[in-house]
Amino acid sequence: MIVRENMVRMGELAASGTPGHVLVSLGLGSCIGLALLDRRARIAALAHIVVPAADGQAAENPRKFADLALPELLDAVQELGAGRMRLEAVVVGGASMFMVASGSLDVGQRNEIAVRQLLEAGGVDEELVVARELAGAVS
Amino acid sequence: MSDPASRQLVVFSLESEEYALPIGAVHEIIRFTEPRAVASDATWIRGVIALRGLDALRELANIGSGNARIALSGMLGRAVDISVPTAQVLPLAEAVHAAGDGEQLTTGIRLGIVGDLTGTVVLLLPPADADAMCRMLGVEPDDDFALSALGEIGNIVGASYITALAGMVGVEMEPTPPATTTDRLAAIVESVLADHAHGGDLALMLDSDLTVEGEDCSISFLLVPDQGGVDLLLSRIGLG
């Protein structure tokens with residue numbers, strides 16, 4: 001079988017309904033790889049989120065913002081035929097790469113909070129997040 | 001021209017056809033860089049490239065890393081070589097790849113920049129080289145002091161880089177205290193880019209290398225200014 005790998009780089013998003021098709025994000029760091037899947041329909045989509053919210057910022061690429069990427073991710077899987085009620089999520093990343101003693105949250109932590117809240121608001125409840133690997137760095 | 005029968009031409013090809021222009025009509029030949037797409041109704045515009053600006057920014061990086069070289073050399077008591085810096089403006093998605101092999105385990109020492117120009121300087125080195133630098137400072141790599149020794153290298157080298165840049169451009173730039181991590185290169189670079197990704201989709205990366213002579217031990221430097229910082233740098237050197 002030929003496995004097609006689709007790299008999802010910073011601020012990119014991809015969806016597939018083809019079995020054997022692989023969506024990949026590497027070296028996430030403080031970014032978040034957010035995947036939505038409908039196992040029964042064999043549909044998946046992956047977004048490589050960079051920052052939590054657009055806050056009205058006009059950007060050429062809205063997909064880097066968690067708040068703009070998630071609706072697009074939901075649309076992408078549903079367009080391929082995924083059932084909204086069958087959706088599960090995988091959330092990876094959101095690392096605090098550099099430990100600094102400061103009161104404010106770094107971008108990794110803010111990304112994690114934003115994605116969690118957005119999933120909840122989008123109807124993908126906590127128990128539907130089937131895998132997560134968040135925060136922390138390699139060492 | 002002395003001989004009317006002989007003419008100097010610049011020959012080039014478009015698609016599969018060859019063309020020639022009299023050499024007097026050619027102002028300059030530059031290396032091809034992939035243009036960035038712009039929103040335009042004119043279908044014949046493929047995009048834009050930054051031309052003079054990048055040369056000037058590379059020159060800035062050269063002066064910054066020259067100063068950093070002196071600082072590192074003084075700190076280690078050894079001769080340090082410097083590479084010609086590169087300056088690149090890239091979409092976020094490509095910037096990580098441009099920094100090198102993303103899977104390589106890398107030690108990163110990050111300093112924030114505050115003042116008129118904000119951004120991040122990150123020193124990147126293979127963990128083995130980080131260990132070697134610690135030993136040159138008389139600290140064993142597994143010692144509790146190793147992290148602070150690396151932080152100190154970051155402090156001295158990064159601060160001298162930032163100070164040289166600030167002095168040349170004539171803006172206030174102050175380094176913040178260093179923070180150190182070891183992770184995959186892509187994860188470190190992504191996180192640095194993410195800190196400045198809110199305001200735009202392009203990243204300016206100024207990259208230079210310092211090598212300790214006779215030790216096969218090197219540090220690369222990455223300066224990533226905030227989006228507004230790029231404009232400020234360029235306008236200060238008269239190119240904005």
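Just the heavy atoms: all of them, side chains too, but no hydrogens, waters or symmetry mates, feed the values below. Residue numbering restarts at 1 for every chain, and letters A, B, ... go by the order of the sequence lines. This structure is a prediction, so every number in the text was calculated from the model and none was measured.
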A.B. asks: Do D209(B) and S218(B) have side-chain N/O donor and acceptor atoms under 3.5 Å apart?
C.D. replies: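 Per modelled atom types, D209(B) and S218(B) side chains form no pair under 3.5 Å.
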
A.B. asks: Is it the side chain or the backbone of V50(A) that comes within 4.5 Å of chain B heavy atoms, both, or neither?
C.D. replies: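 For V50(A), backbone and side chain are both near chain B.
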
A.B. asks: Could you report the tightest heavy-atom contact between P141(B) and A146(B), atom names first, then the distance?
C.D. replies: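 Smallest heavy-atom distance, with atoms named: O-CB, 3.1 Å.
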
A.B. asks: Looking only at heavy atoms and a cut-off of under 4.5 Å, which of S30(A), G108(A), C31(A) has the most pairs with chain B?
C.D. replies: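 Among S30(A), G108(A), C31(A), the one with the most close pairs to chain B is S30(A).
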
A.B. asks: Look at atom CG of D144(B) and say whether more than 12 heavy atoms of other residues, nucleotides or ligands are closer to it than 6.0 Å.
C.D. replies: no

A.B. asks: Salt bridge between R116(A) and E120(A), side-chain N to carboxylate O under 4.0 Å?
C.D. replies: no

A.B. asks: What residue in G27(A), P52(A), A53(A), G11(A) has the most heavy-atom pairs under 4.5 Å with chain B?
C.D. replies: G27(A)

